[in-house]
Amino acid sequence: MCGRTSCHLPRDVLTRACAYHDRQGRRRLPEWRDPDKYCPSYNKSPQSSSPVLLSRLHFEKGADSSEQIIIPMRWGLVPSWFKENDPSKLQFNTTNCRSDTILEKQSFKVPLGKGRRCVVLADGFYEWQRCQGTNQRQPYFIYFPQIKTEKSPTRMPAILDGEEAVSKWLDFGEVTTQEALKLIHPIDNITFHPVSLVVNNSRNNTPECLAPADLVTKKEPKTSGSSQRMMQWLATKSPKKEAPGSPKKDESGIPQWSSQFLQKSPLPAKRGATRSLLDRWLKQEKEEEPMAKRSHS
DNA sequence: CCAGACGTTGTT
DNA sequence: GTCTGG
DNA sequence: CCAGACGTTGTT
DNA sequence: GTCTGG
């Protein structure tokens, strides 16, 4: 899935890219909170803060839920019951959420049911492809081509394509969870290219991170005489290691993506998964009302 | 009922 | 192998 | 996501 | 806080 993004635009440019239309159809720019925490980078990793869009109603009682706020936030979900001050003390991973279990996993379904939706802004994201026969992993940059509307903010494996989808996703006051989930579907107007291994280290923050690059050259580890003897010794002594050069099981030649999203892509499997996801939601809550109309007993 | 987890990746 | 830090 | 640490006592 | 497992 997604563990690295680029979000490098200057703040004013990013803000304009997030222009949207409110309930009255007026064109607006999202209002910033904590603008100084915005830290543009070509190489954003979990624990860093990324700009996030969310409904104003999350901040002000009685606010227009179609109005949007933009705030730098730490990557990863912190459960509401987590009392430590330091979110890095959370003892399990919440940097990703599987779309096929989001309605089962308590850490995600509870906040989802409360309308806690947001949109993480990014130029695109990185994925590492493991190739057979090497330990190296080939990074790729994946993004919307810069042709259409300039604004195409994304949430990672769940990508919202276009302003309207973003607005509906955020407007938890009017748009129910079930309607919101329908906005997430595989997108096809997306593209990618291989990038340099420079992106591997999250300290590297340069345009080279997302620049097109040649595929990683599979260099045979030039083994010195001594290391060859060492390898032989390991091969005979260690039951865990396989003899170097022994035939590998998987000769399919099919590239294995780390991402479920890219692996299964926009075809039947994913469609089916999405449908059963929605079906399950519909079963457990028949006539979901939008948040704005729910009674607060 | 209480205790304890609450999550993802990938690989075997 | 697994966790933390970036 | 990947890279890099993973530990303690005591002294400078 | 809420769910699962015992």
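So that the names make sense, note that chain A is the first sequence line, chain B the second, and so on, each numbered from 1.
With hydrogens and angles left out, the side-chain atoms of Thr176(A) and Glu179(A) include a donor and acceptor closer than 3.5 Å. Side-chain contact annotation: Ser49(A) with Trp75(A), donor-acceptor N/O pair under 3.5 Å absent. Counting only N and O atoms by type, the side chains of Gln136(A) and Thr217(A) include no donor and acceptor under 3.5 Å apart. In this model, a donor atom of one side chain and an acceptor atom of the other lie less than 3.5 Å apart for Ser65(A) and Arg23(A).
Here, dG10(D) and dA3(B) have their C1' atoms 42 Å apart, quoted to the whole Å. To the nearest whole angstrom, the two C1' atoms, one in dT9(B) and one in dG1(C), are 15 Å apart. The P atoms of dC6(D) and dT8(B) are separated by 29 Å, rounded to the nearest whole Å.
When the C1' atom of dG4(D) is taken as reference, atom CG of Asn135(A) falls 17 Å away, rounded to whole Å. Rounded to an integer number of Å, the gap from CG of Leu197(A) to P of dC2(D) is 11 Å.
Among the heavy atoms of the strands lying under 4.0 Å from Phe108(A) are primed sugar atoms or P, OP1, OP2 only; no base atom is included. In this structure, Pro79(A) reaches neither bases nor backbone, as no heavy-atom distance under 4.0 Å exists between it and the strands shown. Nucleic acid contact for Thr94(A): none, since no nucleic acid atom lies under 4.0 Å from a heavy atom of the residue.
The aromatic ring of Trp81(A) sits over the base of dC6(B), with ring centres less than 5.5 Å apart and planes tilted by under 30°. An aromatic stacking contact between Phe92(A) and the base of dG7(B) is absent, as defined here by ring centres under 5.5 Å apart and ring planes under 30° from parallel.
Out of dC2(D), dC3(E), dG6(C), the shortest distance to the side chain of Asn200(A) is found at dC2(D). Distances from the side chain of Arg4(A) to the nucleotides dT4(C), dC1(D), dA5(B) place dC1(D) closest.
In this structure, Tyr42(A) and His8(A) have parallel ring planes: the angle between them is below the 30° cut-off, well short of the 60° mark.
The pair Arg28(A)-Glu163(A) does not count as a salt bridge, with every side-chain nitrogen at least 4.0 angstrom from each carboxylate oxygen.
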DNA chain C in dot-bracket form (Watson-Crick or G-U pairs under 3.5 Å, [ ] crossing, | inter-strand) is ||||||
